[in-house]
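Right, one structure below, let's go through it.
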Amino acid sequence: MLAQDYLTLRLVRLKPPEEWINKQSGLSFVFPKGGAGKCLCGPLDQRLSPGDVLVLDGAVGGKLCAPDRGEMVFACFSLCFEHLLPLFASSEICLLQGVTDGFKQARLYPASSPLAVECHRLLGEVPPQFNLDHRGQLLRVAAAILTVEFTNAHGQRVGFIRPEDHMIQVFEKLSAAELVSLSVAELAGKFGCSRRHLNRLFHQHFGISVAALRMEMRLLKAVSLLRNPDAKVINVAEECGFNHLGLFNICFKRRFGTSPGQWRKKKDVLTKDQSAGVGGAAPNCPLRVSGLCPWTGQPEHRDALPQQPSQIQNAAPARAAVSASAPDSRAELAPVGAQQKLKKSAGVRVLSANT
């Protein structure tokens with residue numbers, strides 16, 4: 001539930017020994033209007049004067065105190081940083097970690113700074129009615145502060161990398177097991193953005209959604225596990241994250257053009273006769289267009305075909321291959337028997353299997 005002062009400007013008067021304690025989630029913006037006071041936030045003991053601008057992170061708390069004599073008057077509002085993520089450009093997302101880290105300590109902009117002057121000017125234009133115009137004007141105040149922080153972060157090169165490189169770095173820190181088992185919300189947390197923005201980045205750079213990538217990796221893991229003749233199909237489905245065998249069969253057939261049981265039978269036939277073919281065309285891999293499909297070395301949807309070790313060794317270096325060796329029934333297999341990572345080689349992004 002949103003706080004009472006979420007994107008709502010409030011006027012607060014403090015008299016000793018009263019205290020204003022920051023209990024809001026997200027960022028709280030404080031604008032001293034009259035009197036004097038001080039901010040206590042961890043080791044920080046900062047005096048506040050009219051015209052200053054103070055930003056506090058709800059995660060670290062903090063409180064404001066009135067002087068021993070007199071009172072302190074200030075306006076304040078709060079907002080959640082996550083709600084602003086759809087407004088940021090990809091180049092700003094890359095700077096986001098450095099900016100958010102900067103707010104983990106109380107940020108004070110003195111009254112003499114151009115930013116504080118501009119914020120108080122914008123604050124004077126906020127209508128008294130609590131309507132869309134009211135909230136929009138407060139967003140302008142927050143945007144003025146964040147713009148300065150992004151500019152400073154860019155100038156200092158704090159956390160500044162290209163969006164593509166940022167995503168690659170995050171992928172390289174994730175194991176294949178995490179990509180398969182973590183929810184989309186948890187993955188978004190790893191990337192430092194919202195679920196919606198993570199999907200937007202995936203569609204922008206890879207042409208697929210996060211869910212499509214996770215499904216592809218789960219099915220590729222199933223193919224790897226099905227190479228073990230002793231593995232039961234229902235156990236393979238459960239190990240790949242499918243709670244219903246029927247759903248697993250549907251997804252597998254949609255991807256490879258054949259059921260798991262039929263795939264295993266045809267795999268056994270192909271082991272005896274390399275010239276044998278697989279009937280039925282599998283649908284296009286959602287990763288193939290963007291060059292991420294680990295099976296792209298096999299044209300014409302032959303990704304459903306079991307591959308022999310000699311075939312894999314002869315695959316092009318820029319392509320990702322799947323180990324053809326049968327897994328040990330006691331071993332825990334990562335998807336495609338390896339750690340899938342997003343790499344950038346010769347200008348092409350591919351998923352590689354590090355065996």
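Numbering of residues begins at 1 and proceeds along the displayed sequence.
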Heavy-atom check, side chain of [X] versus side chain of [Y], under 4.5 Å:
{"X": "Leu40", "Y": "Cys65", "answer": "yes"}
{"X": "Asp52", "Y": "Leu108", "answer": "yes"}
{"X": "Pro229", "Y": "Arg264", "answer": "no"}
{"X": "Arg135", "Y": "Leu139", "answer": "no"}
{"X": "Phe29", "Y": "Ser78", "answer": "no"}
{"X": "Leu85", "Y": "Leu96", "answer": "yes"}
{"X": "Val12", "Y": "Val73", "answer": "no"}
{"X": "Cys80", "Y": "Tyr6", "answer": "yes"}

Original post:
Got a salt bridge between Glu18 and Arg13, using NZ or NE/NH1/NH2 to carboxylate O under 4.0 Å?
Top reply: no
Does Arg121 pair with Glu125 as a salt bridge, N-O distance under 4.0 Å? yes
Quiz item: Parallel, tilted or perpendicular for Phe31 and His120, by the 30°/60° rule?
Solution: perpendicular
In one Ile/Leu/Val/Met/Phe/Trp/Tyr side-chain cluster, 4.5 Å: [X], [Y]:
{"X": "Val55", "Y": "Phe150", "value": "yes"}
{"X": "Leu245", "Y": "Phe256", "value": "yes"}
{"X": "Leu27", "Y": "Ile145", "value": "yes"}
{"X": "Val233", "Y": "Leu220", "value": "yes"}

Measure from the side-chain N and O atoms of [X] to the backbone N and O of [Y], and report whether any donor-acceptor pair falls under 3.5 Å.
{"X": "Arg218", "Y": "Leu213", "result": "no"}
{"X": "Gln129", "Y": "His134", "result": "no"}
{"X": "Asn249", "Y": "Gly246", "result": "no"}
{"X": "Lys221", "Y": "Glu239", "result": "yes"}

Closest contact, heavy atoms only, [X] versus [Y]:
{"X": "Gly70", "Y": "Pro16", "result": "O-CD, 3.0 Å"}
{"X": "Asn199", "Y": "Ser209", "result": "OD1-CB, 3.6 Å"}
{"X": "Ala36", "Y": "Pro67", "result": "O-CD, 2.7 Å"}

- Query: Side chains of His203 and Arg200: is there a donor and an acceptor less than 3.5 Å apart?
  - Reply: no
Just verifying a value: how many Å separate [X] [atom1] and [Y] [atom2], rounded to the nearest 0.5 Å?
{"X": "Glu82", "Y": "Thr100", "atom1": "CD", "atom2": "OG1", "answer": "11.0 Å"}
{"X": "Arg227", "Y": "Trp263", "atom1": "CZ", "atom2": "CH2", "answer": "4.5 Å"}
{"X": "Phe103", "Y": "Glu149", "atom1": "CZ", "atom2": "CD", "answer": "4.5 Å"}

**Asked** Can you check side chain to side chain contact (heavy atoms under 4.5 Å, CB included) on Gln137 and Leu122, steps first, answer last?
**Response** CA-CA 7 Å; Gln137 190 67 21; Leu122 292 173; 3.7 Å; yes
